[in-house]
Amino acid sequence: DAKTTQPTSMDCAEGRAANLPCNHSTISGNEYVYWYRQIHSQGPQYIIHGLKNNETNEMASLIITEDRKSSTLILPHATLRDTAVYYCIVRVGSNYKLTFGKGTLLTVNP
Amino acid sequence: DTAVSQTPKYLVTQMGNDKSIKCEQNLGHDTMYWYKQDSKKFLKIMFSYNNKELIINETVPNRFSPKSPDKAHLNLHINSLELGDSAVYFCASSQDLALGYEQYFGPGTRLTVT
């Protein structure tokens with residue numbers, strides 16, 4: 001699976017959009033981008049995933065660049081409850097083994 | 001109504017003891033997993049079972065033995081506990097292997113070995 005690079009930490013004001021970047025310059029054509037988050041002392045939570053096209057669900061939007069070398073997870077209206085570590089994971093779709101990196105600690109401030 | 005549950009939530013024990021952690025999912029999923037999150041917060045997969053069969057066994061010491069009595073349960077038994085086993089252990093499940101990207105995690109079991 002391709003390696004990902006994320007900032008160690010980010011801050012966001014409550015009610016504003018949180019944009020979390022992820023670099024995956026070595027991604028191959030059959031690898032998907034997945035996002036999970038882990039709120040303090042809880043188990044990780046699946047957010048969204050995509051291959052080429054931008055994706056949106058009730059939690060977030062995923063924007064993947066045309067060359068697929070980077071992506072951005074967007075939380076449109078961040079709340080205090082969105083404070084968590086966000087993990088960007090790249091892997092082949094048929095590979096069910098998730099490999100978590102260090103992630104980005106997003107702190108939403110009031 | 002908890003989707004993936006684990007017991008106990010906290011476990012404090014001494015070196016050399018044997019302990020078990022239980023996991024149950026009520027989602028009707030075919031695949032279950034065990035992850036370990038160490039003090040540095042790295043989350044690593046340990047085992048995966050699909051329909052009660054072992055699929056993934058990462059380089060985990062033989063002291064760790066998973067057991068799946070049925071599709072809804074995946075227990076983790078640890079023999080001769082060591083200080084380095086102290087960590088938070090998460091159980092997870094997914095609908096099946098093909099849809100293994102969306103895993104549902106339990107609340108974790110914090111194991112402290114003294």
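Order of the sequence lines sets the chain letters (A, B, ...), proteins ahead of strands, with each chain counted from 1.
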Can you establish whether the number of heavy atoms outside [X] located under 6.0 Å from its atom [atom1] is more than 12?
{"X": "B:Asn62", "atom1": "CG", "answer": "no"}
{"X": "B:Tyr104", "atom1": "OH", "answer": "no"}
{"X": "A:Arg16", "atom1": "CZ", "answer": "no"}

For chain B, find which of A:Pro44, A:Gly43, A:Ser41 contributes the most heavy-atom pairs closer than 4.5 angstrom.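 Among A:Pro44, A:Gly43, A:Ser41, the one with the most close pairs to chain B is A:Pro44.
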Mind ranking A:Gln42, A:Lys102, A:His49 by heavy-atom pairs under 4.5 Å with chain B and telling me who comes out on top?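 The option with the most such pairs is A:His49.
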Side chain to side chain contact (heavy atoms under 4.5 Å, CB included) involving A:Gln45 - partner list, sequence neighbours excluded: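 Here the qualifying residues are A:Arg37, A:Met59.
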Say whether [X] and [Y] are linked into one hydrophobic cluster, either directly or through other cluster members, by side-chain heavy-atom distances under 4.5 angstrom.
{"X": "B:Ile78", "Y": "B:Val88", "result": "no"}
{"X": "A:Tyr32", "Y": "B:Ile45", "result": "yes"}
{"X": "B:Met32", "Y": "B:Leu76", "result": "yes"}
{"X": "A:Leu75", "Y": "A:Leu80", "result": "yes"}

For the residue pair B:Glu102 and A:Tyr34, establish whether any side-chain heavy-atom pair is separated by less than 4.5 Å.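 Side-chain contact under 4.5 Å: no.
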Would a 4.5 Å heavy-atom cut-off, applied to side chains only, mark A:Phe100 and B:Lys44 as touching?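 No, too far: nothing below the 4.5 Å cut-off.
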What distance separates [X] [atom1] from [Y] [atom2], expressed to the nearest 0.5 Å?
{"X": "A:Gln38", "Y": "B:Lys41", "atom1": "CD", "atom2": "NZ", "result": "7.5 Å"}
{"X": "B:Phe105", "Y": "A:Leu98", "atom1": "CZ", "atom2": "CG", "result": "6.0 Å"}
{"X": "B:Leu43", "Y": "A:Thr99", "atom1": "CG", "atom2": "OG1", "result": "10.0 Å"}

May I ask you to list the residues in residues 63-73 of chain A that approach chain B closer than 4.5 angstrom, counting heavy atoms only, ordered by number?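 If one takes a 4.5 Å heavy-atom cut-off, no residue of residues 63-73 of chain A lies near chain B.
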B:Gln6 versus chain A, heavy atoms under 4.5 Å apart: side chain, backbone, both or neither?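 No part of B:Gln6 comes within 4.5 Å of chain A.
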Which atoms form the tightest heavy-atom contact between A:Tyr36 and B:Gln103, and what is the distance?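 Reported closest heavy-atom pair: OH-N, 2.8 Å.
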